[in-house]
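A short write-up of the structure that comes next.
Here is the naming used below: chain letters follow the sequence lines, and residue numbers restart at 1 for every chain. No hydrogens, no waters, no symmetry mates; every other heavy atom, side chains included, goes into these values.
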Protein chains: 2
Amino acid sequence: MNRKMPVKRARTKQKRLSADDRRSEFVTKATELFAEEGFGGGTRALARKLGVTQPLLYRYFPSKDDLIKEVYRKVYLEPLEIGWEKLLSDRSRPLRERLQEFYEVYTDAIFNRRWLRIYLYSGLKGLDINRWYVGMVKDKILTRILRECRHDAGLAAQSRPSAAELELAWVFHGGIFYYGVRKYIYEAPVLEDKAQMISDALDIFLAGFERMAESATDRRRAPIKVVG
Amino acid sequence: MNRKMPVKRARTKQKRLSADDRRSEFVTKATELFAEEGFGGGTRALARKLGVTQPLLYRYFPSKDDLIKEVYRKVYLEPLEIGWEKLLSDRSRPLRERLQEFYEVYTDAIFNRRWLRIYLYSGLKGLDINRWYVGMVKDKILTRILRECRHDAGLAAQSRPSAAELELAWVFHGGIFYYGVRKYIYEAPVLEDKAQMISDALDIFLAGFERMAESATDRRRAPIKVVG
DNA sequence: ATCTCTGGTGATCGCTCGATAAACTGAGCC
DNA sequence: GGCTCAGTTTATCGAGCGATCACCAGAGAT
């Protein structure tokens with residue numbers, strides 16, 4: 001028996017997907033919708049994006065909240081695909097080079113309208129998953145960076161970074177993050193060369209770290225001086 | 001004829017305010033409500049906060065959108081009450097001192113749950129007023145800071161800051177701003193001494209600025225060195 | 001004491017929302 | 001060819017939304 005004209009399949013509204021495909025299509029399009037409209041975006045608008053009717057959603061998700069949770073999972077776990085540990089902790093490469101590459105890769109993953117908007121919307125809802133992510137940035141990125149910086153500067157390792165060190169790292173990290181917010185949320189003009197921005201931010205962070213490391217032994221703060 | 005027991009007035013729901021008082025009470029409580037719930041917060045919930053009925057809102061505002069606009073006006077203009085120009089441009093005081101004080105005062109004005117949440121919500125809506133505010137930060141704060149920095153470093157004044165300089169200032173500013181987001185939006189633990197955080201951020205920003213100023217004449221980037 | 005003006009209420013409209021139940025449909029199996 | 005079962009639709013519910021209108025009530029002027 002020959003196939004029933006596959007041409008028609010292209011003309012018809014491509015209904016009748018497999019369950020897995022349909023489900024993941026819901027998550028994908030929901031991410032797009034919620035990124036634009038916030039989580040108040042309607043289930044009918046979502047169905048329209050898929051070319052199906054609204055009740056179909058409930059064959060795949062018990063409630064809208066469950067769909068939202070799926071979106072969270074996808075968005076929050078997406079940028080974690082990168083091999084952070086190896087990249088940051090590979091001491092065969094110069095520290096500066098590692099940091100530059102890490103932030104280029106990391107920002108490639110999260111600097112886009114979809115990710116940043118979902119991240120901010122979920123942050124405003126104050127959910128646990130958001131606190132978890134912030135804690136992870138602290139533990140897996142900033143703490144690791146500080147450890148490598150201390151090692152690079154010949155300082156003794158410590159189990160946990162000091163509050164002042166951590167704050168320095170946070171301000172640095174936040175400054176870079178805010179670049180993405182300015183570009184993709186505020187849609188304000190930014191310096192187009194992202195790598196250059198990261199490089200400049202790294203310059204002043206590393207200089208600040210060295211300065212702090214020295215003044216920590218001094219006890220009193222010495223005025224900073226830069227020599228060309 | 002004696003007064004009708006004024007004590008009762010205290011027991012009764014204090015209705016019947018003057019038009020101006022009621023109107024501003026609507027704006028105040030609406031700011032609180034929208035800060036928590038987003039602008040999807042309902043007019044009935046708002047009325048409940050005032051202890052009045054929902055239709056009363058429409059005696060004072062033609063629509064919910066008009067109320068929202070009032071909230072924007074209040075929130076966006078609130079931190080502008082400070083005398084920025086004088087503070088930043090008063091060359092009788094050391095630059096470092098001026099910057100420290102400015103950021104302490106500025107963050108006193110905007111680092112609170114209400115302001116930051118309204119700001120982020122409105123930013124996500126992509127309204128003109130938000131772009132206006134970002135442009136104002138650039139023109140009235142960052143450009144002015146850079147001008148003072150150039151003057152302080154003995155560099156020639158320029159009508160507009162270079163893109164690289166501006167980006168440096170933005171990353172610095174964003175790093176400080178993100179401190180507020182971490183504390184009041186994410187409710188994550190932060191270094192409690194805000195003035196210290198600002199001081200540290202200023203240290204590395206000023207060092208970075210000097211470094212950039214020097215390398216601009218060198219053409220090639222000189223490695224940074226910090227002397228205690 | 002009565003009138004008036006205005007701040008405030010009760011009832012309700014039309015709409016959209018998330019969610020449910022029952023009916024439909026078409027590809028694969030016997 | 002008819003059966004089956006999974007993917008999809010049609011119809012609809014109850015709740016909540018922004019908004020409107022007619023009415024109420026109390027303080028101040030006369």
Original post:
Can you tell me how far C1' of dG8(C) sits from CG of Leu50(B), to the nearest Å?
Top reply: 12 Å

Original post:
Ignoring hydrogens and geometry, is there a side-chain-to-backbone donor-acceptor pair from Ser89(A) to Lys86(A) under 3.5 Å?
Top reply: no

**OP:** Take atom CG of Leu57(B) and atom C1' of dG18(D), then tell me their distance rounded to the nearest Å.
**Re:** 9 Å

**OP:** Salt-bridge test for Glu165(B) and Arg150(B): reply yes if a basic N is under 4.0 Å from a carboxylate O, no otherwise.
**Re:** yes

Original post:
Taking the six-membered ring for Trp, is the centroid-to-centroid distance between Phe34(A) and Tyr121(A) below 6.0 Å?
Top reply: no

**OP:** For Asp20(B) and dT6(C), give me the distance from atom CG to atom C1', rounded to whole Å.
**Re:** 14 Å

Subject >> Length of the CG-C1' vector between Asp21(B) and dG8(C), whole Å >> reply: 15 Å

Original post:
In whole angstrom, what separates Leu67(B)'s CG from dC17(D)'s C1'?
Top reply: 15 Å

Original post:
Ion pair present between Glu187(B) and Arg113(B), side-chain N to carboxylate O less than 4.0 angstrom?
Top reply: yes

Original post:
Would Lys125(A) and Glu36(B) pass as an ion pair if we require N to O under 4.0 Å?
Top reply: no

Subject >> Separation of dA22(D) P from Leu56(B) CG (nearest whole Å) >> reply: 18 Å

**OP:** Mind checking Ser63(B) for me? I need base, sugar-phosphate or nothing, with any heavy atom below 4.0 Å counting as a touch.
**Re:** sugar-phosphate

Subject >> Exceeds 12 heavy-atom contacts within 6.0 angstrom, atom NZ of Lys138(B) >> reply: no

Original post:
What nucleotide among dG18(D), dG26(D), dG7(D) has an atom nearest to a side-chain atom of Arg16(B)?
Top reply: dG26(D)

Subject >> Asp108(A) with Lys194(A): basic N within carboxylate O range, under 4.0 Å >> reply: yes

**OP:** Scan Phe61(A) against the nucleic acid and name what it touches under 4.0 Å (heavy atoms): base, sugar-phosphate only, or nothing.
**Re:** nothing

Subject >> Atom-pair distance (OH on Tyr58(B); C1' on dA11(C)), nearest Å >> reply: 16 Å

Original post:
Could you give the OH-to-P distance, from Tyr60(B) to dG18(D), as a whole number of Å?
Top reply: 19 Å

At a cut-off of 3.5 Å, list every protein nitrogen or oxygen paired with a nitrogen or oxygen from nucleotides 10-13 of chain D, distance to 0.1 Å.
none

**OP:** Respond yes when some side-chain nitrogen or oxygen of Arg59(B) is under 4.0 Å from OP1 or OP2 of dT20(D), and no when none is.
**Re:** no

